[in-house]
Amino acid sequence: MTDNWLSPEGWLNQLITAVNDALWAYLLIGMLIACALWFTWRSRFVQFRMLGEMFGLLSESATQYDGKRHVSSFQAFAVGVATRVGTGNLAGVATAIAIGGPGSVFWMWLIALLGSATAFVESTLAQLFKKRSRDSFIGGPAYYIQQGLKLPWMARLFAILITVTFGLSYNSIQSNTICGAMDKAFGFDPLWVGILLAAVSLVVVFGGIHRIAKVSSVFVPLMAIGYLLLVMVVIAMNIGMIPEVFRMIFEDAFGVSQVAGGGIGATMMSGIKRGLFSNEAGEGSAPNVAATASTSHPVKQGLIQALGVFVDTLVVCSCTAFVILFSGVDTTSGLNGIALTQTALEAEIGSAGPVFIAIAILLFAFSSIIGNYYYGEANVRFLTRSPRAMFIYRLLSGGLMVIFGAVASLDIVWSIGDLCMALLTLCNLVAIILLGKYAFRLLEDYRVQKRSGIDSPTFHRSKMPELELECWE
């Protein structure tokens, strides 16, 4: 209905879309690429040179601290991947291809390869400036902005932006995708699916970070392995088409027709936007959970979260893109989001395809909902210690916004999400550009210890006496 302000044709969606286009086209994409290139160069290509070290760190158990239980490196990795691997991989990739064409996939790959260095920097800083909390560590951009930059107003601004972006806006996107998939596969009423999803979400989010970490460390490996196994079957069925798919992606990314028609800009923007939504490198989200891990050196969690970017975009997003491009489904037909992914899989394996995607997206997106909730929780605690404020936030994040996403249109929830993501990322990029020098010093310290034969490098705050660090005794 055109008179509905929440409809795709409504004035609110048109206004948000116009602001989004201006932010992304003229500012954010340039900053993302420039920062990623600088961090890659300054860290001496850490995301490639230390890939083996990243995998080795996954098995490291939580360091004992003050005799309390803490989140392990793998659990922090699982929560980080839980928020990355979800709607962005199954619905976001489809949206990118529908809007920007197959060439969008190339730009998703590029922003992941370069952006993993950005993810390393922000998560290392989160570990460095983390604080003690009641039952775990706590930290993130709001904390390193306040302690490292001494700009409390900017720290509060970031805390508000990430709470709105992840705890509220992104949870409506996850819910919208789940309900859309269930409607297509089973004909379930989105409203009732949303109400049930909200009820389950509230049970989990009231359990705190340890329950979130436990749920994510079980769900994430199972759902990722199941989805990847199915895609491997589809790829094996279409093995002869792989060269053609790569040709399609690269030609569309740099083709003469795209350059001549001005379409390369739309392709870049679509790929980078959906790539950032999926892998979150530079957005300032993963550092919030990276800070909760108990580890002996800040660089360890920086490396682990950089690995999460690889897993998300280069593996899971690529799988979805290949399924869509193998299927031959007309990506310009108006199908978008999760419906396009379901239709593509249906073309490959039959009627079981939409059902499998509905179940997979339920697990992917539900783990994202509870992970997104925690990002907001960490920052609500930064803003206030009021139990009432936390209670209200939990009801909004796990309840109201989940139900809103169930009944709102796909266009409006993604438009709001893109706007929130742009503002949040800009704030975080400014902070990590100014604080990145500490991450590089930590990386050099880590490398020196490894070269001297120390298997598990450690850090003590006396190595950076100019900083007021609460932890790292």
Side-chain angles (χ1 to χ4, degrees), residues 24-25 29 32-33 36-37 40 47-48 84-85 87-116 227-228 230-281 309-349 353 357 414:
W24 284 94
I29 286 180
L32 276 170
I33 295 176
L37 287 170
T40 296
Q47 67 268 47
F48 306 117
R84 290 187 178 108
V85 178
T87 297
N89 303 88
L90 277 74
V93 173
T95 300
I97 294 174
I99 295 174
S104 301
V105 179
F106 169 81
W107 296 105
M108 292 181 73
W109 288 340
L110 182 64
I111 202 66
L113 287 170
L114 296 176
S116 55
Y227 182 65
L228 291 176
L230 178 63
V231 173
M232 290 301 106
V233 172
V234 174
I235 291 175
M237 292 166 53
N238 297 274
I239 194 73
M241 291 183 61
I242 290 181
E244 174 63 19
V245 166
F246 276 104
R247 183 195 63 78
M248 191 186 311
I249 290 171
F250 285 102
E251 280 193 359
D252 194 68
F254 300 104
V256 175
S257 61
Q258 280 72 23
V259 175
I264 192 169
T267 301
M268 280 184 62
M269 188 182 299
S270 180
I272 292 175
K273 283 168 69 174
R274 295 287 73 83
L276 179 61
F277 177 85
S278 180
N279 64 52
E280 303 175 13
V309 174
F310 282 118
V311 171
D312 171 86
T313 305
L314 298 183
V315 179
V316 186
C317 283
S318 297
C319 288
T320 301
F322 274 51
V323 169
I324 292 171
L325 297 177
F326 281 151
S327 70
V329 171
D330 184 4
T331 57
T332 64
S333 64
L335 278 177
N336 204 345
I338 197 64
L340 177 56
T341 305
Q342 287 179 296
T343 302
L345 198 58
E346 184 176 17
E348 292 295 318
I349 65 173
I357 291 296
W414 279 97

Checklist outcome for this item: Applying ring pair (Phe, Tyr, Trp, His ring centres under 6.0 Å) to Phe48 and not counting sequence neighbours gives none
Checklist entry - Does a donor on one side chain and an acceptor on the other come within less than 3.5 Å for Trp109 and Thr313? => result no
Item to check | Val315 and Phe310: CA distance, side-chain angles, deciding distance, side chain to side chain contact (heavy atoms under 4.5 Å, CB included) verdict | outcome: CA-CA 7 Å; Val315 179; Phe310 282 118; over 6 Å; no
Checklist entry - What distance separates Ser318 OG from Ile235 CD1, expressed to the nearest 0.5 Å? => result 9.0 Å
Next on the checklist: I'd like to know if the side chain of Ser104 and the backbone of Ala96 have a donor-acceptor N/O pair within less than 3.5 Å.
Outcome noted: yes
Item to check | Pairwise distance CD1(Ile111) to CG(Leu32) - rounded to 0.5 angstrom | outcome: 5.0 Å
Checklist entry - Please walk me through it: do Val105 and Phe322 pass side chain to side chain contact (heavy atoms under 4.5 Å, CB included)? => result CA-CA 10 Å; Val105 179; Phe322 274 51; 5.7 Å; no
Checklist outcome for this item: Scanning both residues in full, the closest heavy-atom pair of Thr40 with Leu114 reads OG1-O, 3.5 Å
Item to check | Minimum heavy-atom distance Ala94-Leu340, with the two atoms named | outcome: O-CD2, 3.5 Å
Checklist entry - What are the two closest heavy atoms between Val309 and Ala112, and how far apart are they? => result CG1-O, 3.5 Å
Next on the checklist: Is there a side chain to side chain contact (heavy atoms under 4.5 Å, CB included) between Ile242 and Asn238? Walk through the geometry before answering.
Outcome noted: CA-CA 7 Å; Ile242 290 181; Asn238 297 274; over 6 Å; no
Checklist entry - Would you say Asp252's side chain and Met248's backbone share a donor-acceptor pair under 3.5 angstrom? => result no
Checklist entry - Would you say the side-chain atoms of Glu348 pair up with the backbone N or O of Val323, donor to acceptor, closer than 3.5 Å? => result no
Next on the checklist: Let me confirm one number: the CD1-CG distance from Ile97 to Leu325, rounded to the nearest 0.5 Å.
Outcome noted: 4.5 Å
Next on the checklist: For a quick test of reading the model, state the closest non-hydrogen atom pair linking Ala281 to Gly115 and the distance between them.
Outcome noted: CB-O, 3.2 Å
